[in-house]
2 protein chains.
Amino acid sequence: MSIDFRNIAGELIQHHGGRVTAGRIGILAILLAEQHAITHREIEQRLPESLPLDRVTLYRALEWLAEKNLIHKVTSDDRVWRYHVNRELHAHHHAHFKCTRCAQVICLDDLPAERSWPLPAGYRFQEIELTVKGLCADCC
Amino acid sequence: MSIDFRNIAGELIQHHGGRVTAGRIGILAILLAEQHAITHREIEQRLPESLPLDRVTLYRALEWLAEKNLIHKVTSDDRVWRYHVNRELHAHHHAHFKCTRCAQVICLDDLPAERSWPLPAGYRFQEIELTVKGLCADCC
DNA sequence: TTGTAAATGCAACAAAGTTGCGTTTATTGT
DNA sequence: ACAATAAACGCAACTTTGTTGCATTTACAA
Ligand SMILES: [Mn+2]
Ligand SMILES: [Mn+2]
Ligand SMILES: [Zn+2]
Ligand SMILES: [Zn+2]
């Protein structure tokens, strides 16, 4: 884990009025270094030996990071949340791609996930959740 | 539960080469009578006293019905599958609406969930999963 | 340096779904 | 109608993912 990401993580956390703890720094640094959206489990596995972190603490840190809009949660059909850092490009709502073979999830920044859709009378639109499924380049 | 739905259910099950059991008839009849996509739990609750059915049997029956394309499963952000009968209109893939207040799920038959989307090079499209979220007419 | 709320760790809990296996039953052939 | 048999079922145990309560520790500011 690059020291760079840890520095950025620390600044981001501080800037959002949270306590700058080793756990939060480690978690956010992992997500900053990661291309894809990853699960709680995968984050746990990427944590260094030197930073043992309770499952619950990890869940709560992720919750806090999502509240502060530093990361976002991605729903999936395998009943597992995936987490991804909010870079400028996809701070807004956006679509995701999930590989049906390796379960890898990426963000599709250029897909319009914000526009309204036709709904039955009396229904009010809030947002859409769009996941494109298929095979990733590695699995093709 | 209308005897009509039970008759239709029985015929559908038989036509697909499965054993026509009380459980399958009861489950499919419930889904035939239902407008919305409902959860395993909700199906369980709608089962008549006269038809006690083990949770596992219910899961396996739903799995079989989905395999035979008599029903389809809907993913949701609450990590709970919902099930809905396949009427002609939405035998194909289609989008869903979920109320963020009462969690009700309906099928949006007129939304194009089949067309391909632009993906990164080397990625292969299979299908999309689209959930529109908002408030239903009752919750508005 | 110290006080304090915020964050953490641990244990227990909960919901949804799965697996293995012995028993029952719907269906087929006689 | 009866018997054979594979399919379906019921039960218990298990798994995975995530949540809650509470006592303890710690970041940070006064
Ligand atoms: Mn994303
Ligand atoms: Mn549907
Ligand atoms: Zn893949
Ligand atoms: Zn509603």
Side-chain angles (χ1 to χ4, degrees), chain A residues 6 9-28 37-45 47-68 70-83 98 103 105, chain B residues 6-7 9-29 37-45 47-68 70-83 98 103 105:
Chain A
R6 300 183 52 86
E11 281 165 30
L12 285 171
I13 292 163
Q14 190 172 39
H15 185 261
H16 282 79
R19 288 199 183 171
V20 183
T21 66
R24 283 180 180 170
I25 291 177
I27 293 166
L28 185 49
I38 56 179
T39 64
H40 176 276
R41 265 295 162 83
E42 291 169 322
I43 297 170
E44 213 169 22
Q45 290 163 353
L47 284 171
E49 294 267 334
S50 55
L51 181 60
L53 210 55
D54 190 76
R55 292 171 1 88
V56 177
T57 304
L58 178 44
Y59 275 119
R60 294 203 264 232
L62 289 169
E63 196 183 12
W64 183 86
L65 291 168
E67 261 169 27
K68 297 302 178 188
L70 291 172
I71 65 174
H72 61 277
K73 266 168 113 168
V74 184
T75 300
S76 171
D77 55 5
D78 57 9
R79 311 182 353 108
V80 181
W81 294 108
R82 283 177 175 74
Y83 302 88
K98 179 166 179 215
V105 171
Chain B
R6 300 184 49 87
N7 285 338
E11 280 165 31
L12 285 170
I13 293 163
Q14 190 171 40
H15 185 260
H16 282 78
R19 288 199 184 172
V20 183
T21 66
R24 283 180 179 170
I25 291 176
I27 293 166
L28 186 49
I38 56 178
T39 65
H40 176 275
R41 264 296 161 83
E42 291 168 323
I43 297 171
E44 214 170 20
Q45 290 163 352
L47 283 170
E49 293 267 334
S50 54
L51 181 60
L53 210 55
D54 190 77
R55 291 168 4 90
V56 177
T57 304
L58 178 44
Y59 276 118
R60 294 202 264 232
L62 289 170
E63 196 182 10
W64 183 87
L65 291 168
E67 263 169 27
K68 297 302 179 186
L70 290 173
I71 65 174
H72 62 277
K73 267 168 112 167
V74 183
T75 300
S76 173
D77 54 5
D78 56 8
R79 312 182 350 109
V80 180
W81 294 108
R82 283 176 176 74
Y83 302 87
K98 179 166 180 217
V105 171

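Basis for what follows: all heavy atoms, side chains included, without hydrogens, waters or symmetry-related copies. Just so we're clear, the structure is a prediction, and the values are computed from it rather than from any experiment. To find a chain, count down the sequence lines: A is the first, B the second, and so on, and within it residues start at 1.
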Considering only heavy atoms from C-beta outward, does the side chain of A/Tyr83 approach that of A/Lys73 to under 4.5 Å?
-> yes

List in chain and number order the residues that pass side chain to side chain contact (heavy atoms under 4.5 Å, CB included) with A/Pro48, two or more places apart in sequence or in another chain; answer none if no residue qualifies.
-> A/Ser50, A/Leu51

Checking all strands, does A/Arg55 fall into the base, sugar-phosphate, or nothing category for heavy-atom contacts under 4.0 angstrom?
-> base

Might you list the N or O atoms of the protein lying below 3.5 Å from N or O atoms in nucleotides 26-30 of chain D, with each pair's distance?
residue, atom, partner, partner atom, Å
D/dT26, O2, A/Arg19, NH1, 3.2
D/dA27, N3, A/Arg19, NH1, 3.4
D/dC28, OP1, A/Val20, N, 2.8

Would you find a donor on one side and an acceptor on the other, under 3.5 Å apart, between the side chain of A/Arg79 and the backbone of B/Arg79?
-> yes

Set out, line by line, the N/O atom pairs under 3.5 Å between protein and nucleotides 10-12 of chain D.
residue, atom, partner, partner atom, Å
D/dG10, OP2, B/Asp54, N, 3.4
D/dG10, OP2, B/Thr57, OG1, 2.7
D/dG10, O6, B/Arg60, NH2, 2.4

Side-chain touch B/Val74/B/Trp81, heavy atoms, less than 4.5 angstrom | no

The reported gap from CD1 in A/Ile71 to CG in A/Leu65 (rounded to nearest 0.5 angstrom) is 4.5 Å

Only counting residues at least two apart or in another chain, list the ones meeting side chain to side chain donor-acceptor pair (under 3.5 Å) with A/Glu67.
-> none

B/Ala29 versus B/Ala9, closest heavy-atom pair with distance = N-CB, 3.9 Å

Within this structure, what is the CH2-to-C1' distance between B/Trp64 and D/dA8, rounded to whole angstrom?
-> 11 Å

Reported OH-to-CG distance for the pair B/Tyr59 and B/Asp54, which is rounded to 0.5 angstrom = 11.0 Å

Reported CD1-to-CD1 distance for the pair A/Ile43 and A/Ile38, which is rounded to 0.5 angstrom | 4.5 Å

Mind checking B/Arg24 for me? I need base, sugar-phosphate or nothing, with any heavy atom below 4.0 Å counting as a touch.
-> sugar-phosphate

Walk along DNA chain C from 5' to 3' and tell me the first and last nucleotide with an atom closer than 4.0 Å to a non-hydrogen atom of chain A.
-> C/dA5 to C/dG17

To the nearest angstrom, how far is B/Ile25 atom CD1 from D/dA7 atom C1'?
-> 15 Å

N/O donor to acceptor pairs below 3.5 angstrom from side-chain atoms of residues 11-27 of chain B, sequence neighbours left out:
residue, atom, partner, partner atom, Å
B/His16, ND1, B/Leu12, O, 2.9
B/Thr21, OG1, B/Arg24, N, 3.3
B/Arg24, NH1, B/Arg19, O, 3.2

Quick one: salt bridge (Lys or Arg N to Asp or Glu O under 4.0 Å) partners of A/Glu44, sequence neighbours excluded?
-> A/Arg41

A/Glu44 CD - D/dT16 C1' separation (whole Å) = 12 Å

Under the side chain to side chain donor-acceptor pair (under 3.5 Å) test, which residues partner A/Asp78, sequence neighbours left out?
-> A/Ser76, A/Arg82, A/Lys98

Rounded off to whole Å, could you give me the OH-to-P distance for the A/Tyr59 and D/dT20 pair?
-> 13 Å

Angle separating the five-pair end axes of the helix from C/dT1-D/dA30 to C/dT30-D/dA1, nearest 10°, is 30°

